[in-house]
Structure formats: structure tokens, C-alpha cells
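Residues: numbered from 1 along the sequence shown.
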Amino acid sequence: MTAVDRLTMHHGPLPAADPPPDRVRGELRGVLGRFATGVTILTTGRDTPQGMTANSFTSVSLEPPLILVCVKRTAALHDAILTEKTFAVSILAGDQQDVAKYFADRSRPRGSREFETVDATPGQHTGAPVLAGAQAWLECSLAAVHDGGDHSIFLGSVLDIGRAESDDPLLYFGGGFHRVSA
């Protein structure tokens, strides 16, 4: 029996490990920060839209079309996605750093005022805001939710997609925003 066989035979949640000391958590953040990611705005809410900046986003499958996003359980958007069961992901362009900072700012307006200064259109299938000027966007229905420690892993079934013609993504690396230089 291989190690992979042993892993795939385990059914159910893995036992919880003791939390690492603060020093290890800080170092882990530094190590993970060495991985460059794109930057997205995750949105939900047809009647009262909500959004947040997220870089924990990835493709999962082309057939069927699935993506995933990870959202901290204490984030306001977490319960909203569970309630709405739909969401949109706008993949930010290089010139949208201010938008990323806005949705990362915990002191931004909430409720009906959250999107007053943001150029967005309700998604055709979800009603979740899709941001103007984004590199690309996806509308998704919530297909599954998995435990991810202090986060939930939301698996999205892709309902609709779109993309811009430009190739200028906003990146996050080492604790800061960056652009791809040609």
C-alpha cells in the first residue's frame, strides 16, 4: 500500500493539529507570501450586494466547470454566500489596485452604500456584482462547502464567464500589489 493509497482511504475530517506557535504562524505567512497570486473581488447578493478582496482562488475542473475560493469564516461575506448560494468572481486588472484595497478595507461602507463608488453590473445569473474593467469574471452557483480550518472552501459551479482583451493582471506577492512588466 502506497502513501497515496493510505491518504485516499481516509474518509472524514482529518484530526485537528495543535495550533502552531505565533512565531511559526508568522513565518508561515512569510513563506506563503512568496507565492504570487492574482487578485479577485468576490461578490454576492442580489438585493444587498457585498464584496471582499480575495487571492485564494483557483480553477478546479474544466469538465464540469468548477472553481474554488476560500473565505475566512468570520468574514461578513462568508454567511452571505451560504445564504445566497451564488457568487461572482472578478479577476482584477493591473490598474485596479485601488479597488482591491477598497474591498480589503474593513472600514468601507457596508450595506446599500458598499457599491456606491464601484462601477459594477449585476450578473445575469446571480445578481452578484461583476466589476467593470476586470481582466475576467465568473458567475457561480455554490456546489459544495468544505472545511478549511479557519476558512471555508467554497466550490463554485460556473454559470457564466467573460474576459477582457488586455493582458495586464493585478498580482499579489510578498505582502504587496504588483503588475506584470513586459
Side-chain angles (χ1 to χ4, degrees), residues 35-62 65-143 145 151-182:
F35 181 67
T37 68
V39 182
T40 71
I41 302 300
L42 180 62
T43 60
T44 193
R46 185 176 297 274
D47 296 325
T48 305
Q50 297 180 46
M52 66 172 264
T53 301
N55 68 340
S56 188
F57 160 83
T58 192
S59 62
V60 174
S61 170
L62 292 176
L66 299 170
I67 58 97
L68 70 76
V69 293
C70 299
V71 178
K72 194 167 187 175
R73 293 178 188 274
T74 57
L77 199 71
H78 183 274
D79 290 344
I81 290 175
L82 291 174
T83 300
E84 293 283 335
K85 304 214 180 323
T86 60
F87 59 91
V89 179
S90 295
I91 301 168
L92 298 186
D95 63 355
Q96 292 183 301
Q97 182 174 329
D98 289 344
V99 175
K101 287 180 178 179
Y102 174 79
F103 281 104
D105 183 351
R106 294 179 195 267
S107 67
R108 73 183 177 278
R110 300 299 175 119
S112 62
R113 294 182 42 232
E114 187 169 356
F115 281 83
E116 281 181 351
T117 62
V118 178
D119 189 7
T121 304
Q124 180 178 346
H125 301 277
T126 65
V130 173
L131 275 61
Q135 281 280 124
W137 56 268
L138 306 97
E139 282 189 273
C140 300
S141 63
L142 186 60
V145 181
H151 284 62
S152 287
I153 303 165
F154 292 130
L155 188 66
S157 178
V158 177
L159 302 172
D160 202 3
I161 58 173
R163 66 179 174 164
E165 293 301 318
S166 69
D167 289 327
D168 181 27
L170 182 61
L171 302 179
Y172 194 77
F173 175 78
F177 294 104
H178 301 274
R179 291 175 85 165
V180 175
S181 53

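- The backbone N or O of Ile41 sits nowhere less than 3.5 Å from a side-chain atom of Thr53 that would complete a donor-acceptor pair.
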- Task: Take Thr126 and Glu139, measure what side-chain hydrogen bond (donor to acceptor under 3.5 Å, both in side chains) needs, and give me the verdict at the end.
- Result: CA-CA 7 Å; Thr126 65; Glu139 282 189 273; 2.7 Å; yes
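- For Phe115 against Ala120, the heavy-atom pair with the smallest separation is CD2-CB, 4.3 Å.
- The shortest distance between side-chain heavy atoms of Thr121 and Pro129 does not fall below 4.5 Å.
- Side-chain N or O atoms of Ser90 include one that pairs as donor or acceptor with a backbone N or O of Leu131 at under 3.5 Å.
- Heavy-atom minimum distance, Phe103 versus Glu114: CE2-OE2, 3.7 Å.
- Counting non-hydrogen atoms of other residues, nucleotides and ligands closer than 6.0 Å to CG of Leu82 gives a total above 12.
- For the 3.5 Å distance criterion, the side chains of Ser152 and His78 qualify, holding a donor opposite an acceptor.
- A donor-acceptor contact closer than 3.5 angstrom links the side chains of Ser166 and Gln135.
- Annotation for Val180 and Leu171: closest pair CG2-CD1, 3.6 Å, computed over non-hydrogen atoms.
- Put simply, the residue from Val69, Val89, Val130, Leu159 that forms a side chain to side chain contact (heavy atoms under 4.5 Å, CB included) with Leu138 is Val89.
- The two residues Arg46 and Glu84 make their nearest non-hydrogen contact at N-OE1, 3.9 Å.
- Crowding of Arg110 atom CZ: a count of heavy atoms from other residues, nucleotides or ligands under 6.0 Å exceeding 12.
- Between the side chain of Gln97 and the backbone N or O of Leu170 there is no donor-acceptor pair closer than 3.5 Å.
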